[in-house]
Amino acid sequence: MTGESFVLVLPLLVLELVLKIICFRDWLHRRRFNGLPKFVWLFVFLLVTLFGPVVYLVYGRKLDGND
Amino acid sequence: MFRKHALIRKELMEMVRTSRLLIWIVFCAFFGIASPLTAYFMPDILSMVGATENIVINIGTITYGDALEQYTKNFSQIGTIVLILISMGSVAAEKADGSIQFLLVRPVGHVAIVGAKLATLAAMLLIGIAISAVAMGFYTWYLFPGFPVFPFVVSNIFLLLYFFTIGSVVIAISTMVDKPILAGVGALGIWLLSSLAGMVRTLGDFSFVKLVDQVVQTVEGFPFEWEPTAGALLLMCVTLPLGIMRFSRWEPTD
Amino acid sequence: MGMIETTDLKKRYSSVTALDGVTLSIEEGTVFGFLGPNGAGKTTLIRILTGMIGASGGSYTIGGEKGQAARTHIGYLAQQPTFYGWMTGRELLEISGSLYGMSTSLLERKIPEMLRLCGVEDAADRKIATYSGGMRQRLGIAQAILHDPKVVFLDEPVSALDPIGRKEVLTLIGILRERTTIFMSSHILDDVQRVCDEVAIIHKGTIRIHEKTDNLLRLHAKPVVILEFATREDVALCSEVLQTLGIPCGKVNYELSIPSDVFETKRGEILSLIGSGDLRLERLNRKDATLEEVFMHHIEEVPHVS
C-alpha cells in the first residue's frame, strides 16, 4: 500500500480504534451484561469491525432505568 | 416554554449518555469515508482476489458513480438496521421498566413526549448525515475528478428524510408496544414491505425507500420526483397518530 | 370543596372491576391513609388521580381542577419508582422542576434545599443507577415535593424499605404534613395509624369506611379479649356456641376475640362454657384498640397466616 493510500485509510482505522477504546473502558467497569458472558463480549467488540462495538454498545450493556 | 425545553433536554441527555449519538456519528463517518475508498480500491481488491483464484476479472473504469452507489446502497441499508437498533427502545423500554411514569404524571401531553423524541431524532440524524456528506464529498472529490460536490451535499437531504421516516416509524411502533424488540421487528417489517412495494409499478413510486434513489438522481441532475417524499410523509402521518393514540391509552401492566 | 374530590370513580378491565364507584372528599392539609389488602384497588385509584391512566366512569378534581391542569398540582411517588439511571439525582430534579414550569433561578434555590431535606445531597451528582433502594426512595420524595404541589401521592412509600429507611421516610412525611396534603396508600396498618389524620379502607374496589383516625379507633375499635385455643376445631366450636348465646366474636386462626365490655358482663357464662365443653384454652389476653381490628372487620376474608 502506498503512503497516500495509507493516509486515506487512516481515518477509518482511527474511528475503529476510538470505538474499541470506548467499549473497552465501559467493559472494564461493568459487571452485568446482556446475552453473552463478559469475556465473550470482549472478543465480540475487539474482533468484529464496526458492528462488534455497535452491537456491544446497543445491546451488550444493561441500560435499563435501574441499572 | 420550560416544559418543552425540559423534554428535549431529557432526550438529548439520554441520546448522549446511552451512546446512541456516538454510535450514529461514528457509523456515518465510517460509511462516508469507506464508500469512496471501497469504490476506488475495488480494482486492486478484485485483482488480489483474482490472483489467488487464478482468474482475471475485467471491470470497466471506476467513476464517482460507483462511489455514489456504494454510499447510497450500503449506507442506507446498513444504516437502517443500525438506526432501528439504536432507537427501538425509545418509548417501549421506558414503558417496560416503568420510567415513562415520570413523564406521564407531569403536566405534559403524550404528543409533546413523542414530539421531543422526534425533534432529537432529527437532530441526531442531521449531525450524522452532515458528517457523512462532508466526508464522502471530500473523499470522492479527491479520488474522482469531476465529482459535483455541491449537488451531492444537497442531495443528502433525501437521505436525511429517508432515515427520519425509518426513525419515526420505529418511534411510532415503539409507542404501541411494550417490548423494544417488537418495535424493531415491526419497523424492519415495514421497511421490507416498502422495499418490496418499491418494485411494483406506479404504486411503487410512492415507496419512501425510493428516496435513496433521489440522491443519485439529484447528483446526476435529474428533476425532483415528488412521489417518494409524499409516500414518506403519508407513512409518518399514519403511523405517528396511531402510535400516539395507543400510547395515550397505555397502562402499566403490574 | 375538598382538595381531592372524586365522584363515583370506576375502573373496569375486561375481566375484573378494579374500582367500583369510589366517592371521596379529602380536605386540604390532611394526611390521608389509604388502606387495603393487595389488589384492592389502591394503586389503580392513585394512578387515575395522578392522570397516568383514565377512568372508565365518574370524575375527579384536584385543587378544583380537572385533567392536565390537575396534574400541575400534584407530586407522585410510585410504589417501586424507576428513574432514568443515566441521569444524576440533581439532573432529575432539574428536569422534573422544569416540567412543572419552574424557572431556572427558582430551581437553583430549591434543589439544594430539597436534596438536603431528603438526605441525598452527597449523592446528588452521582448517576441514579448507583443509588440504593432507600436513596432512590428519598430522591423519589424530593422529586414529588420539589414544586410545592398541593397534593402528594405516595404509593406504598415504606413497604419496600428496611426498618431504618422506613423510619426516615415516615419522619419525612411528618415534616411534609406542614406543607401539603398527603395521600398515601399502605397495607402496613401501624404506619398509617402513626402518621395519618384520616383513613379510608378499600376492599374489592369499594370504600368500606372513611373516618378520622381518632374517631375510627374510638367508634369502631374497642378493646377486646383474646382467647387463644390449642386447636382450630376448638375455636370453631366455641365461636359456634357463643353465637347461639348471642355473644359477638371474631375468629382468626387459633384466636377468638370478644369485645371487652361483653366479656366483662358475660364472663362467668363464657368461662363455664369453655370448662364444660372440654376446650383447651391456652391463653387469655386483653388487647387495646388498634386499626388492625377495624381493618379485619371490614375485610371479611381474613388471609390465613400460618
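The chains referred to below are lettered A, B, ... by the order of the sequence lines, with proteins before strands, and numbering in each begins at 1. Hydrogens, waters and symmetry mates play no part in the numbers below; they use all other heavy atoms, side chains included.
In this structure, the portions of B:Ala34 lying under 4.5 Å from any heavy atom of chain A include both its backbone and its side chain. Contact annotation for B:Leu37: only side-chain heavy atoms (C-beta onward) come within less than 4.5 Å of a heavy atom of chain A. If you measure heavy-atom distances from B:Phe31 to chain A, the contacts under 4.5 Å come from the side chain alone.
Considering CD1 of B:Ile33 and CG of A:Leu10, their distance stands at 9.5 Å, rounded to 0.5 Å.
Within a 6.0 Å sphere centred on NZ of A:Lys20, heavy atoms belonging to other residues, nucleotides or ligands number more than 12. Within 6.0 Å of OH in B:Tyr40 there are 12 or fewer heavy atoms belonging to other residues, nucleotides or ligands. With a 6.0 Å radius and a threshold of 12 heavy atoms from other residues, nucleotides or ligands, B:Arg246 has its CZ atom at or below the threshold.
Between chain B and the options A:Val54, A:Ile22, A:Leu8, heavy-atom pairs under 4.5 Å are most frequent for A:Leu8. For the set B:Val26, B:Ile78, B:Ile86, the entry with the most heavy-atom pairs within less than 4.5 Å of chain A is B:Val26.
Below 4.5 Å, heavy atoms of chain A meet heavy atoms from B:Tyr139, B:Tyr142, B:Leu143, all part of residues 115-150 of chain B.
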